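Since the structure is predicted, the reported quantities are computational estimates derived from the model, not experimental observations. What's counted below: heavy atoms across the whole structure, side chains too, no hydrogens, waters or symmetry copies. We count residues from 1, following the sequence as given.
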Amino acid sequence: MNTVALKQHASWQEILASTINSSEELCRLLELDLEALPEGHPLLAGFPVRVPVPYLSRIEKGNPDDPLLLQVFPSIQEARHVPGFSDLPLQESQVNPASGILHKYHGRALLLLTSACAIHCRYCFRRHFPYAQTIPGRQAWMESLDYLKEDTSIREVVFSGGDPLTLPDRSLAWFLDALADIDHIQTVRIHTRLPIMIPQRVTRTLCEILAKPSMRTMLVLHANHARELDGDVDLACQKLRNAGVTLLNQSVLLRGINDSVTALESLSERLFSAGVLPYYLHMLDRVNGAAHFDVDDNTASTLVRSLQQRLPGYLVPKLVREIPGQHSKIPVMDMT
Ligand SMILES: *Cc1c(COP(=O)(O)O)cnc(C)c1O
Ligand code: SF4
């Protein structure tokens with residue numbers, strides 16, 4: 001850690017509690033002379049700066065264009081209103097059959113377990129999401145679990161949020177036990193950025209909980225750039241694989257961050273060296289405040305075609321867009 005001193009062997013909870021929470025502090029720590037939005041700026045209301053120290057330590061000092069920095073540094077461009085962009089681009093409230101559950105695709109139901117994340121990604125499609133109205137308490141969860149019990153077509157449950165791994169192990173264990181009791185649910189998948197953001201999150205207890213013999217467990221990471229992975233992330237991935245967890249990664253295609261063949265190629269190769277296969281490369285969801293990250297369909301398809309010529313097929317992520325009302329993510333290569 002070259003920027004902020006955390007005590008050695010800090011627990012993941014301590015690291016999570018000591019995130020950097022202002023752009024002024026980011027500038028100071030990274031020796032940047034940028035126009036920082038001051039704390040209390042209206043743009044930051046509801047979606048403040050949030051950067052965990054392990055991620056901060058991978059950002060290059062003094063480089064305003066660092067691809068890791070750009071993911072977390074709020075820009076005045078977030079204030080732009082761009083046609084086609086909205087607060088809730090995915091219209092998820094229409095696929096919300098029980099509290100905390102999004103059921104959009106056949107066989108798979110997604111649980112919104114928490115609104116908390118270790119990091120605030122400026123392009124996040126849920127940055128304006130009404131979590132307070134969506135995430136149930138324990139009692140309401142019991143009712144939502146009944147929904148999962150009753151629909152025997154549901155084979156897989158996806159833990160999402162926020163970041164589900166911000167929950168304490170005992171809560172995760174409670175959910176996993178409840179799902180293990182439902183015969184038709186065979187797979188649990190966790191969508192999380194935490195093993196990248198705070199690799200210390202992957203504790204022995206977590207691995208024990210995930211190594212459930214009664215269900216298959218998959219973990220889908222979210223890294224957008226090769227430099228997000230370091231030796232600590234490798235170690236976290238290794239522990240998860242030893243626990244029998246299948247590891248995939250999803251990325252978002254982001255202008256100025258990973259919209260080049262070299263960046264995408266390095267990302268795939270770096271993931272593979274950590275034992276992770278690329279899964280999806282998402283087109284940006286058109287959420288207000290994120291328009292400056294948008295890459296158009298033609299550019300995106302061309303990038304992925306070049307990637308296909310340079311990498312084995314298993315290292316090429318599927319380029320997809322999420323379209324409200326559709327029954328799966330939609331491949332973009334078919335549209336161009
Ligand atoms: C993306 C998503 C899934 C998972 O889709 P896969 O194509 O299986 O990865 C499930 N439910 C919802 C609501 C989703 O948005
Ligand atoms: S980790 Fe995921 S849910 Fe959390 S802010 Fe980033 S993109 Fe959004």
Side-chain angles (χ1 to χ4, degrees), residues 12-13 16 52 92 100-105 107-119 121 124-126 129 131 134-136 141 144-145 148 154-182 185-224 228-229 232-252 271 274-280 282 317 329:
W12 71 268
Q13 291 93 338
L16 186 62
E92 289 179 311
I101 297 185
L102 298 180
H103 191 188
K104 193 150 65 163
Y105 303 150
R108 288 145 290 165
L110 186 145
L111 306 191
L112 295 169
L113 293 189
T114 172
S115 61
C117 285
I119 183 169
C121 315
C124 178
F125 70 102
R126 292 214 177 104
F129 197 73
Y131 282 112
T134 317
I135 294 184
W141 271 124
S144 295
L145 287 169
L148 300 177
I154 299 173
R155 296 300 163 100
E156 177 172 15
V157 169
V158 182
F159 287 5
S160 183
D163 196 315
L165 289 190
T166 57
L167 289 182
D169 288 334
R170 68 187 138 71
S171 307
L172 291 168
W174 185 86
F175 280 106
L176 287 166
D177 285 343
L179 296 175
D181 284 342
I182 306 176
I185 296 175
Q186 297 165 345
T187 307
V188 171
R189 188 200 315 183
I190 302 178
H191 282 180
T192 177
R193 236 189 149 184
L194 260 189
I196 307 275
M197 294 303 130
I198 305 179
Q200 295 81 347
R201 174 64 186 98
V202 182
T203 57
R204 186 143 51 112
T205 317
L206 178 68
C207 291
E208 283 165 8
I209 292 172
L210 295 179
K212 270 210 168 302
S214 60
M215 283 184 293
R216 291 186 289 251
T217 43
M218 325 212 10
L219 202 142
V220 183
L221 297 167
H222 171 183
N224 301 314
E228 288 173 49
L229 286 83
D232 290 342
V233 175
D234 285 326
L235 206 62
C237 291
Q238 195 183 344
K239 287 189 204 162
L240 288 163
R241 281 187 294 131
N242 290 346
V245 179
T246 304
L247 295 180
L248 300 174
N249 181 69
Q250 51 186 345
S251 315
V252 182
L271 286 166
V276 183
L277 286 175
Y279 179 36
Y280 281 141
H282 291 272
K329 323 261 183 240

> Are side-chain heavy atoms of Leu219 and Leu240 found at a separation under 4.5 Å?
yes
> Taking the side chain as everything from C-beta on, heavy atoms only, tell me whether Leu148 gets closer than 4.5 Å to Leu111.
yes
> Is there a donor-acceptor pair under 3.5 Å between the side chain of Asp232 and the backbone N or O of Pro199?
no
> Please name the pair of heavy atoms, one in Val220 and one in Gln250, separated by the smallest distance, quoted to 0.1 Å.
CG1-CG, 3.6 Å
> Kindly indicate, with the supporting measurements, whether the criterion side-chain contact (heavy atoms from CB on, under 4.5 Å) is fulfilled by Leu247 and Leu277.
CA-CA 7 Å; Leu247 295 180; Leu277 286 175; over 6 Å; no
> Answer whether the closest heavy-atom distance between the side chains of Phe175 and Val188 falls below 4.5 Å.
no
> Quick one: pull up NE2 in His282 and CZ in Phe125 and give me the separation to the nearest 0.5 Å.
8.0 Å
> I'd like to check the salt bridge (Lys or Arg N to Asp or Glu O under 4.0 Å) partners of Lys239; sequence neighbours left out, ordered by chain and number.
none
> Could you tell me whether a side-chain N or O of Ser251 sits under 3.5 Å from a main-chain N or O of Ala223, the two making a donor and an acceptor?
yes
> Where is the tightest heavy-atom contact between Glu92 and Phe129, given as atom of each residue plus distance?
OE1-CE1, 3.2 Å
> Between Met218 and Ile190, is any pair of side-chain heavy atoms under 4.5 Å apart?
no
> Between Val245, Val202, Asn242, which is the residue that forms a side-chain contact (heavy atoms from CB on, under 4.5 Å) with Cys207?
Val202
> Looking only at heavy atoms, what is the nearest atom pair of Pro136 and Gly100, with distance?
CD-CA, 3.6 Å
> Less than 4.0 Å between a side-chain N and a carboxylate O, is that true for Arg201 and Asp169?
yes
> Side chains of Tyr280 and Pro317, heavy atoms from C-beta outward: is any pair under 4.5 Å?
no
> Taking only residues two or more places apart in sequence, or in another chain, which ones meet His103 in a side-chain hydrogen bond (donor to acceptor under 3.5 Å, both in side chains)?
Tyr147
> Are Leu172 and Leu206 close enough that some pair of their side-chain heavy atoms sits under 4.5 Å apart?
yes
> Can you tell me how far apart CG (Leu145) and CD1 (Ile182) are? Round to the nearest 0.5 Å.
6.0 Å
> Step by step, work out the side-chain contact (heavy atoms from CB on, under 4.5 Å) result for Leu167 and Leu165.
CA-CA 5 Å; Leu167 289 182; Leu165 289 190; over 6 Å; no
> Does any part of the side chain of Ser160, heavy atoms only, come nearer than 4.5 Å to the side chain of Leu113, both counted from C-beta?
no
> At what distance, to the nearest 0.5 angstrom, does CD1 of Ile209 lie from CZ of Arg204?
12.5 Å
> Measure from the side-chain N and O atoms of Asp163 to the backbone N and O of Arg193, and report whether any donor-acceptor pair falls under 3.5 Å.
yes
> Could you walk me through whether Ile196 and His222 pass the side-chain contact (heavy atoms from CB on, under 4.5 Å) test, one step at a time?
CA-CA 8 Å; Ile196 307 275; His222 171 183; over 6 Å; no
> If you define the side chain from C-beta out and look only at heavy atoms, does anything of Leu248 sit under 4.5 Å from Leu221?
no
> Between the main-chain N or O of Gly161 and the side-chain N or O of Arg126, is there a donor-acceptor pair closer than 3.5 Å?
yes
> Assess whether side-chain contact (heavy atoms from CB on, under 4.5 Å) is satisfied between Glu156 and Gln186, documenting all intermediate values.
CA-CA 6 Å; Glu156 177 172 15; Gln186 297 165 345; over 6 Å; no
> With side-chain hydrogen bond (donor to acceptor under 3.5 Å, both in side chains) as the rule and sequence neighbours excluded, what pairs involving residues 208-220 come up?
Asp177-Lys212, Thr187-Arg216
